[in-house]
Number of protein chains: 4
Amino acid sequence: MSAKTRMGMIGGSLDGFIGSVHRMAAVLDGTIELVCGAFSSNASRSIETGKTLHLAENRIYASFEEMITKEAQLPADIRMQFVSIVTPNHLHAQPATLALKNGFHVLCEKPLAFSFDEAKQLGAHVKETGLLFGVTHTYTGYPMVKEAKNLVASGKLGVIRKVIVEYPQGWLSDAIESSGQKQASWRTDPSQAGISCCVGDIGTHAENLVEYITGLKIMELSADVSSFVAGRKLDDDANILLRFDNGAKGVLIASQIANGEENELKIRVYGEHGGLEWLQSEPNTLIVKQNDQPKQLRRAGVNHSYLSAHARLHCRIPGGHPEGYIEAMANLYRNFAASVQAFENKTAQNPLLDYPTIDDGIRGMKFIETVIASGKENAAWKQL
Amino acid sequence: MSAKTRMGMIGGSLDGFIGSVHRMAAVLDGTIELVCGAFSSNASRSIETGKTLHLAENRIYASFEEMITKEAQLPADIRMQFVSIVTPNHLHAQPATLALKNGFHVLCEKPLAFSFDEAKQLGAHVKETGLLFGVTHTYTGYPMVKEAKNLVASGKLGVIRKVIVEYPQGWLSDAIESSGQKQASWRTDPSQAGISCCVGDIGTHAENLVEYITGLKIMELSADVSSFVAGRKLDDDANILLRFDNGAKGVLIASQIANGEENELKIRVYGEHGGLEWLQSEPNTLIVKQNDQPKQLRRAGVNHSYLSAHARLHCRIPGGHPEGYIEAMANLYRNFAASVQAFENKTAQNPLLDYPTIDDGIRGMKFIETVIASGKENAAWKQL
Amino acid sequence: MSAKTRMGMIGGSLDGFIGSVHRMAAVLDGTIELVCGAFSSNASRSIETGKTLHLAENRIYASFEEMITKEAQLPADIRMQFVSIVTPNHLHAQPATLALKNGFHVLCEKPLAFSFDEAKQLGAHVKETGLLFGVTHTYTGYPMVKEAKNLVASGKLGVIRKVIVEYPQGWLSDAIESSGQKQASWRTDPSQAGISCCVGDIGTHAENLVEYITGLKIMELSADVSSFVAGRKLDDDANILLRFDNGAKGVLIASQIANGEENELKIRVYGEHGGLEWLQSEPNTLIVKQNDQPKQLRRAGVNHSYLSAHARLHCRIPGGHPEGYIEAMANLYRNFAASVQAFENKTAQNPLLDYPTIDDGIRGMKFIETVIASGKENAAWKQL
Amino acid sequence: MSAKTRMGMIGGSLDGFIGSVHRMAAVLDGTIELVCGAFSSNASRSIETGKTLHLAENRIYASFEEMITKEAQLPADIRMQFVSIVTPNHLHAQPATLALKNGFHVLCEKPLAFSFDEAKQLGAHVKETGLLFGVTHTYTGYPMVKEAKNLVASGKLGVIRKVIVEYPQGWLSDAIESSGQKQASWRTDPSQAGISCCVGDIGTHAENLVEYITGLKIMELSADVSSFVAGRKLDDDANILLRFDNGAKGVLIASQIANGEENELKIRVYGEHGGLEWLQSEPNTLIVKQNDQPKQLRRAGVNHSYLSAHARLHCRIPGGHPEGYIEAMANLYRNFAASVQAFENKTAQNPLLDYPTIDDGIRGMKFIETVIASGKENAAWKQL
């Protein structure tokens with residue numbers, strides 16, 4: 001039996017919450033071990049974080065450059081095998097590129113990069129090195145999203161005609177960035193987030209989800225992009241018309257000013273013969289609909305034999321014991337670690353243990369740029 | 001105590017279902033009596049319907065012309081006071097105009113007319129006669145829609161920023177019009193329905209609902225209009241970007257090919273300080289949301305003192321005894337009949353006993369034409 | 001075509017709300033006409049009510065005795081055909097008996113009588129006269145309750161093993177009877193309500209519903225009966241263990257002190273092969289469950305071909321247009337009126353147009369007495 | 001910074017699923033390290049499990065006796081600090097006792113022991129040693145259960161009057177134990193499970209939950225206990241009347257033959273001034289109800305300032321990112337480990353970091369014996 005897959009982390013100091021979510025997800029299944037980290041550009045904060053996490057002191061680094069360089073010099077069975085990057089958008093490409101150059105696989109937060117150009121360059125590096133690159137579009141890790149994808153692929157819904165995907169949040173209804181709320185500050189700052197706040201932060205999740213489930217590509221879009229809060233430099237709301245490569249049409253709604261909404265990512269897909277609905281805040285249910293048939297509630301559960309193998313592989317416990325967001329992210333980590341093992345052992349990887357790749361990340365960046373461009377031209381249609 | 005308000009009906013023979021729904025709504029509260037009808041252009045079917053409804057034989061007419069003419073000759077305390085028109089779209093304006101000319105108030109099915117031009121002419125007739133004219137946009141009759149309107153008007157949500165209104169149905173997923181389904185046949189026939197099927201039949205309900213609740217006007221729109229079913233002459237789906245007169249933005253989705261959906265009219269409104277959500281298929285609940293507050297479920301019920309007077313006036317029974325679609329339509333009938341009584345008695349009408357008027361009907365027709373025009377120009381922005 | 005069925009009403013003055021609910025239900029389908037009434041023991045209030053309802057003045061009576069006697073002297077095609085009794089419990093048997101003696105069918109509010117003895121005597125009268133007698137256990141009038149009954153009868157759930165039926169309300173959490181709330185006052189007054197408040201008012205609905213849906217009889221029960229509010233003379237809460245004639249077991253919970261609950265009558269039935277769930281406050285959905293199968297949501301709708309004929313006969317409109325409590329009660333009225341017509345025309349009545357009968361009413365009274373007796377003996381088992 | 005708390009595990013080989021759930025819960029927060037295990041009474045299976053879990057080979061043991069003995073001989077900063085026992089009921093007391101005797105704290109699956117007597121003896125050992133002893137009544141680990149407890153304690157609901165707690169499952173509707181299903185086999189086998197299947201396995205969870213949230217004690221109960229499946233030796237269903245020490249009354253329903261139900265643990269509590277409702281399968285919502293007030297949906301989320309400190313301490317991520325069963329169990333592990341650290345460091349433990357103790361475990365065993373005794377005497381009332 002091989003050892004656990006060894007992970008390093010860039011970003012994710014104790015001040016924020018995203019680092020701890022990733023760490024919980026990483027260790028949940030017992031297949032990954034956090035062995036090192038450069039948790040902050042502030043060296044003392046990085047060290048404090050690493051100590052709190054019980055890391056060996058010589059594996060806590062003051063910068064990602066130091067970490068990547070020094071880890072690369074460690075023996076092959078000691079050094080980290082992949083790096084998880086959980087920094088803000090503008091700090092993805094540089095460490096990712098350096099990691100790839102030094103032979104480390106990369107799992108990176110979304111959106112992939114600061115700009116589409118940067119993303120394409122990163123994609124080229126990935127291609128050159130042949131290493132693995134994952135992007136944490138967490139929502140595709142849910143079992144019932146896998147089930148939805150399989151349901152569409154089975155043809156049971158017929159040719160897809162219409163998609164409604166929405167991601168309403170309310171947390172940026174006020175200018176909380178001006179009072180120093182950390183999550184809000186970097187997301188609304190063009191120098192850290194890039195050209196978009198709302199579309200980049202949550203619109204890309206919706207875009208990724210809809211293409212993942214339907215297997216279709218958004219061919220063109222028309223986006224009405226807004227910034228409702230006075231003084232905000234980036235968008236906090238977008239309403240987008242979608243057209244898909246098979247002739248299907250749809251709507252993508254993303255908002256951070258939907259006051260009172262938590263995190264209500266929801267997708268509905270309608271085909272010639274039926275429809276489906278999934279809501280992230282009640283993730284263990286997939287609603288399947290057909291004209292003149294009772295609606296069906298398919299439920300996550302490792303014991304539910306009526307589910308697809310793909311969905312069941314991403315459940316941990318029997319039905320009725322709810323699994324949530326951390327488990328969905330843990331599915332990405334587990335699958336990525338399994339791919340790392342398969343890569344290093346030169347064995348075949350079970351294709352059902354999938355995760356979002358560099359291509360998803362690049363497409364997300366293209367989506368952002370296309371949406372913002374459309375928004376600047378009064379919602380003109382733009383090819384994607 | 002005055003007698004019941006006397007109603008005649010045009011259209012609504014026993015073959016269809018819409019006539020019986022209107023009749024149930026009309027009589028529910030015991031304030032309206034159906035005294036005559038021209039239920040079909042087929043005279044024998046009209047007579048059969050009237051007999052089944054226990055009408056006096058001399059008040060069952062072979063045509064609307066006959067009914068209007070003959071009723072006008074009856075004594076003032078015998079003849080009908082208003083006419084309810086429940087025919088397909090192309091048969092609204094002619095009987096309505098004739099009724100107005102003969103001094104009868106009119107309550108008319110939506111959409112108001114066959115075209116925007118025809119609607120404007122009808123509006124001119126209404127203005128000339130000074131008579132009452134209602135349009136059965138039934139959904140604004142629900143108590144919790146009244147509550148929603150009052151909540152927005154109270155300012156509790158702050159300035160409205162975003163609206164999502166959707167009306168998905170699945171019943172036209174197949175070309176059922178070609179197998180003679182009566183409801184589908186006329187709605188998809190340009191000679192009976194006009195220039196639109198989906199937008200006219202359900203899109204206008206969504207438009208009416210959103211303007212009613214928010215008190216805002218849609219200022220411009222960009223509509224992606226589709227006809228998914230092969231051979232269908234009119235639209236069966238539309239995705240529409242909305243911009244409102246106060247700067248708010250929104251999305252309106254209407255579909256008849258959302259396979260598996262029944263009649264899921266839903267609206268969400270978000271302001272600076274909170275949001276609301278209402279779903280027609282569970283109409284007795286209004287969800288009120290605010291960042292960092294528990295969601296509130298306001299519930300219909302004549303006994304709920306926390307509701308607005310407007311909402312309570314449109315409830316009949318205590319909370320927990322669900323009221324439905326027929327009751328919502330009955331609210332329109334009751335209010336319209338009360339207005340007729342007030343008109344004839346020259347007394348003041350309680351403004352809370354409201355109903356959609358000719359102006360709502362005309363605006364609906366303008367909405368249809370604007371959406372279809374935008375759709376034909378690749379979703380170009382159009383003023384409304 | 002025969003005329004509408006003619007109804008008289010006893011009780012139901014404008015002060016209360018129950019009279020108007022019955023009247024709305026009676027007229028909804030256009031098959032019943034209210035022709036006379038003795039709406040209150042207070043003659044002037046009765047007259048005022050009748051005038052408001054637009055009744056002919058000579059058909060508004062000062063007492064039920066007067067009404068029954070005088071109506072009996074009217075010509076057969078003029079006089080009322082049945083009487084609807086909507087008075088408090090202690091005023092059911094006397095008018096019902098007099099009506100039967102004078103040849104009138106009776107539709108009576110529940111619980112049937114003041115006591116089990118009185119109920120049995122009434123039953124004997126019904127048997128002697130051979131006339132029709134209905135009891136308004138309204139909840140069995142819902143389409144999806146019919147569907148539930150048919151589902152059990154179909155055998156699809158297998159032999160029934162377990163039932164949970166509950167009826168929580170909160171409106172009597174405080175001693176509102178002492179501040180003169182009318183509904184509370186008579187229900188908590190032993191001289192008007194009989195030996196029980198909670199069990200009589202809502203427990204009997206639960207009992208009737210469970211026997212209707214399952215087709216089983218409660219064989220014995222053990223009841224823990226409480227009166228939580230200080231000074232209250234009758235029960236306001238009961239927890240009851242049930243044993244059925246086929247060996248099934250169950251629980252019946254009724255409460256009027258479940259603070260915050262409106263009217264949440266709910267039933268769950270489990271058999272060897274599956275289960276069902278129905279909730280009155282969302283009455284248009286029946287949930288069907290089976291181990292290792294997706295849950296099914298069957299939905300009311302006259303157009304849903306997957307529903308039983310029994311259920312569809314009790315829907316008025318297509319799915320997605322919610323029908324509610326008034327429509328459920330209207331189903332009882334419609335079916336009872338159809339039975340009256342069939343009785344008088346000596347034709348066969350469609351057995352699917354069913355309604356609760358005198359036997360249901362008598363059983364309800366036996367249930368009340370049995371529960372209260374068990375409660376007085378520390379929840380001793382009692383045969384039913 | 002101190003190191004992670006070191007845990008050993010007894011039971012939980014790879015064949016079952018419960019071991020892996022405990023391990024995921026233990027490591028989620030990064031405060032516990034699994035250092036050793038005796039995963040099966042089958043030595044080779046234990047070794048295989050330990051290797052798969054990447055344990056050091058010399059810390060994988062063939063029996064719990066070996067593990068406890070050998071670990072006790074290791075240096076204090078190496079040896080396990082507590083043991084987690086996840087074996088069937090009959091294998092709790094022996095290893096727990098041995099662990100205590102050797103100075104190890106114990107976290108034990110529920111129900112605590114094979115019998116009430118055995119539980120009391122175990123309690124005496126705990127008392128003698130002064131060591132920490134937790135019992136994994138997982139459901140009290142959910143944030144919104146903490147919120148419910150705090151809501152009751154705040155007095156906002158007033159004096160509690162009524163409780164309904166239910167735990168329906170359907171998985172034992174058929175005699176799956178006779179076809180060798182492992183989970184079913186031991187639970188229905190008196191030599192492994194003790195005197196009860198349903199009451200012991202899930203009824204105790206309901207009992208623990210209701211006493212935890214309300215702070216009340218069940219004073220007496222009357223239980224109708226059944227075994228519906230032919231050939232089954234232990235109970236698979238129970239309906240129980242409850243009376244509490246403050247005069248409140250209630251119902252506890254537990255079933256493993258509620259065909260189609262997954263794991264629907266639900267509790268409703270009603271006081272003089274309001275009520276609450278919580279459902280395990282949608283655990284992130286607590287419904288708070290009051291007469292004539294909108295229902296409130298309180299939602300889990302580390303960022304929700306309206307929640308009690310107790311609830312927020314048991315959330316990991318912002319609202320709208322659902323946390324589930326594993327996180328609830330992780331809260332028990334985290335809190336227990338923190339208590340172990342505080343114990344060893346002789347520091348004070350935050351009382352909000354609570355977990356079910358030996359007393360809860362003993363009470364659960366008393367509950368089981370009392371229920372089964374009542375069941376055998378035709379639901380006679382028994383003191384608890």
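Naming: A, B, ... by sequence-line order, numbering from 1 per chain.
Residues of residues 26-40 of chain A lying under 4.5 angstrom from chain D, judged on non-hydrogen atoms, are A:Val27, A:Leu28, A:Asp29, A:Gly30 by number.
In this structure, CD in A:Gln181 is found 9.0 Å from CG in D:Asn303, a value given to the nearest 0.5 Å. Distance check: D:Arg299 CZ to A:Ser281 OG gives 5.5 Å after rounding to the nearest 0.5 Å. To the nearest 0.5 Å, the span separating CD1 on A:Ile326 from CD on D:Glu327 amounts to 4.5 Å.
Ranked by heavy-atom pairs shorter than 4.5 Å toward chain A, the options D:Ile317, D:Leu265, D:Asn284 are led by D:Ile317. Counting heavy-atom pairs closer than 4.5 Å to chain D, the top-ranked of the candidates A:Glu48, A:Gln169, A:His304 is A:His304.
Remark: side-chain polar atoms of D:Glu323 are not paired, donor with acceptor, to backbone N or O of A:Glu323 under 3.5 angstrom. Counting only distance, with no hydrogens or angles, the side chain of D:Glu262 and the backbone of A:Gly301 share no donor-acceptor pair below 3.5 Å.
Qualifying salt bridge (charged side-chain N to carboxylate O under 4.0 Å, His left out) partners for A:Asp236, counting only residues two or more places apart in sequence or in other chains: A:Arg232. Legend: residues meeting salt bridge (charged side-chain N to carboxylate O under 4.0 Å, His left out) with D:Arg187, ordered by chain and number and at least two apart, are D:Asp201.
The minimum heavy-atom distance linking A:Gln280 with D:His321 is given by the pair OE1-CA, 4.1 Å.
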Please list every donor-acceptor pair under 3.5 Å in which a side-chain atom of residues 8-25 of chain A meets a protein atom from a residue at least two apart or in another chain.
residue, atom, partner, partner atom, Å
A:Ser13, OG, A:Asp15, N, 3.4
A:Ser13, OG, A:Asp15, OD1, 3.3
A:Asp15, OD2, A:Arg45, NE, 3.2
A:Asp15, OD2, A:Arg45, NH1, 3.1
A:Ser20, OG, A:Phe17, O, 3.1
A:His22, ND1, A:Tyr333, OH, 2.6
A:His22, NE2, A:Glu109, OE2, 2.8
A:Arg23, NH1, A:Gly12, O, 2.8
A:Arg23, NH2, A:Gly12, O, 3.1

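Between A:Pro322 and D:Tyr142, the closest side-chain pair of non-hydrogen atoms falls below 4.5 Å.
When heavy atoms are compared at a cutoff of 4.5 Å, A:Glu282 approaches chain D solely by way of its side chain, counted from C-beta outward.
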